[in-house]
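One structure is given here, and the rest of the page talks about it.
Every heavy atom of this structure was used, including side-chain atoms; hydrogens, water molecules and symmetry mates were not. Residue numbering restarts at 1 for every chain, and letters A, B, ... go by the order of the sequence lines.
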Amino acid sequence: MSKFRYRDRETADKVIKKLKEMNLEIRLMHVCGTHQDTLVRYGLDTLFRECGITIKQGPGCPVCVTTAREFEEAMRLARAGKTVATYGDVCRVPGRYGSLLDLKTEGFDVRIVYGIEDAIRIAEKSNKEVVFMAVGFETTAPSTAAIVLRSLPENFSVLSCHRYLPPALFALLEMGEFKIHGIIEPGHVSTIIGLEPYEKLSIQYHIPQVVTGFEPLDMLMGVFMLASQIKKGEAKVENEYTRVVRYEGNLKALKVIDTVFEAFNIDWRGFPEISNSGMRLKDEFGQVDSRKKYENELEGLDNEVFVEAEGCRCGDVLRGIIDSKECPLFGKTCSPTNPIGPCMVSVEGSCNIDYKYGSKRN
Amino acid sequence: MCLAIPAKVMSKNGIVAKVDFGEGTTRDVDVSLVDVQVGQYVIIHAGFAIEVMDEDEAEETLQLWRELLSKA
């Protein structure tokens with residue numbers, strides 16, 4: 001496995017030296033919790049700052065961008081006696097009346113699973129209705145879609161909270177709240193979608209983009225490639241993560257997504273509604289769509305107003321407006337053991353990552 | 001959520017493969033989204049292999065960078 005472990009001190013030092021020689025003053029954005037983890041865990045963010053490079057985490061945490069309304073849907077179904085199965089992070093995000101995990105402690109049936117296949121196994125062994133709350137970008141959506149295409153237990157359905165990532169990048173650049181000189185594109189979303197979806201963005205906003213892997217050297221090289229483009233005034237889509245990402249993406253995975261899901265307009269936490277960024281099950285899969293199956297249980301949600309917890313600035317963190325530490329709640333009333341917003345809950349959330357590794361710095 | 005890690009395919013039976021994450025950690029994963037042979041490395045996410053890794057590419061890329069960085 002070592003051949004995939006891109007960790008070589010000598011090469012890293014050379015990249016940093018080159019970056020310093022470039023005299024940069026640039027701001028980059030990445031949109032992936034795993035990138036944030038690599039940046040902070042290995043102290044690369046500090047090294048980059050010394051090279052004049054600031055890197056912000058955008059809306060790249062699927063759990064974080066899932067709205068309070070979607071969590072409320074899952075919680076209503078749990079309260080109505082269904083078994084709700086989902087990923088661990090999702091269970092811990094606080095909603096208006098606590099989290100899914102809080103419901104579990106009250107005796108409702110909430111299960112933490114590793115993936116959708118575990119949820120199917122629960123349904124197969126149970127007489128109860130089982131709802132899988134499916135969260136994630138294009139990386140995760142193919143697993144949901146592949147399962148929906150198989151023969152499923154009648155008591156199983158999917159609450160799709162999947163989202164397409166590229167529309168959020170367009171929305172972010174269109175909002176133009178601050179200048180971004182380049183984007184570090186997420187390696188594993190790109191594994192599925194390939195490079196082509198980013199090309200329009202580069203043309204429309206003249207922004208360099210590099211699909212980047214997750215080892216420390218990957219990030220150093222990805223940033224070096226972006227910096228080189230910026231210096232030359234270029235705005236191309238390049239691929240640093242060639243050992244995994246192909247230009248066309250994973251065609252099999254894209255096909256199952258297209259067969260099962262259709263795009264619709266949906267809100268993201270911290271953002272206004274983003275056109276065609278949601279993935280909902282097509283009509284022909286209505287029998288496994290929790291929203292259709294349990295229309296009565298979910299009735300009236302359209303009339304409810306969902307407000308963020310007081311003082312929580314997850315929305316600003318997700319748009320890259322502030323760093324986690326600039327939120328007045330960070331490390332005070334909001335911590336991983338008592339999270340107020342989703343960015344402190346999810347292991348991909350920038351607040352959680354800063355909290356976790358922050359102490360090592362000080 | 002998009003965390004995905006490399007693993008080696010040890011055996012395969014239809015769409016299910018046993019993979020080794022290294023240091024003896026093994027798990028059955030779904031390989032219906034990739035064309036993979038026993039002995040190859042895959043990237044695993046949420047119980048599914050989402051791509052086959054290119055071993056040659058991995059080594060060549062590193063080599064290329066080292067050469068690039070040694071110049072001037």
Side-chain angles (χ1 to χ4, degrees), chain A residues 1-6 8 10-11 14-15 17-18 32-34 37 60-64 87 89-90 113-118 135-140 142-144 146-147 150 165 186-189 191-192 214 217 220-221 224 240-246 249-250 252-253 256 346-348, chain B residues 1-10 12-37 39-72:
Chain A
M1 215 72 83
S2 60
K3 60 173 82 80
F4 301 122
R5 205 157 276 165
Y6 279 33
D8 166 3
E10 202 185 324
T11 311
K14 281 182 184 163
V15 180
K17 188 167 168 272
K18 291 240 175 219
C32 179
T34 316
D37 191 274
C61 164
V63 177
C64 306
Y87 307 104
D89 280 6
V90 177
V113 292
Y114 172 61
I116 187 168
E117 289 186 321
D118 294 344
V135 174
F137 298 133
E138 289 92 335
T139 321
T140 323
S143 60
T144 304
I147 292 289
R150 294 176 195 166
L165 180 70
H188 292 139
V189 166
T191 299
I192 305 298
F214 302 96
L217 270 189
L220 282 163
M221 288 311 297
F224 177 67
E240 180 279 332
Y241 199 29
T242 49
R243 61 194 187 277
V244 176
V245 177
R246 327 272 180 253
N250 180 333
K252 274 191 181 179
V256 293
S346 175
V347 292
E348 291 211 293
Chain B
M1 190 64 67
C2 296
L3 175 68
I5 41 180
K8 189 174 186 173
V9 178
M10 307 309 286
K12 198 179 141 187
N13 183 8
I15 59 164
V16 179
K18 187 169 281 301
V19 299
D20 182 357
F21 291 96
E23 289 153 19
T25 311
T26 61
R27 197 193 148 99
D28 284 343
V29 298
D30 189 307
V31 288
S32 66
L33 300 173
V34 293
D35 294 310
V36 68
Q37 310 298 323
Q40 286 184 306
Y41 286 84
V42 281
I43 288 272
I44 308 292
H45 171 74
F48 276 71
I50 58 166
E51 193 53 275
V52 179
M53 298 187 80
D54 189 332
E55 281 185 71
D56 296 338
E57 184 72 39
E59 279 167 18
E60 279 167 26
T61 308
L62 259 190
Q63 195 49 42
L64 206 70
W65 287 348
R66 288 190 182 118
E67 283 169 21
L68 192 88
L69 292 163
S70 311
K71 282 182 204 158

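Between Thr34(A) and His188(A), the side chains place no donor N or O within less than 3.5 Å of an acceptor N or O (distance only, hydrogens not considered). If you check the side chains of Thr242(A) and Glu57(B), you find a donor sitting under 3.5 Å from an acceptor.
Not counting sequence neighbours, the partners of Lys17(A) by the salt bridge (charged side-chain N to carboxylate O under 4.0 Å, His left out) test are Glu21(A). For Asp28(B), the side-chain contact (heavy atoms from CB on, under 4.5 Å) partners at least two apart in sequence or on another chain are Val16(B), Lys18(B).
A salt bridge does not link Arg27(B) to Asp20(B): none of the charged side-chain nitrogens sits closer than 4.0 Å to a carboxylate oxygen.
Residue contact with chain B, scored on non-hydrogen atoms closer than 4.5 Å, involves the side chain of Asp118(A) exclusively. Both the backbone and the side chain of Val15(A) come within less than 4.5 Å of a heavy atom in chain B. At a 4.5 Å heavy-atom cutoff, the contact between Ile43(B) and chain A is made by side-chain atoms alone. When heavy atoms are compared at a cutoff of 4.5 Å, Val42(B) does not approach chain A at all.
Ranked by heavy-atom pairs shorter than 4.5 Å toward chain B, the options Gly187(A), Ser143(A), Gly115(A), Gly60(A) are led by Ser143(A).
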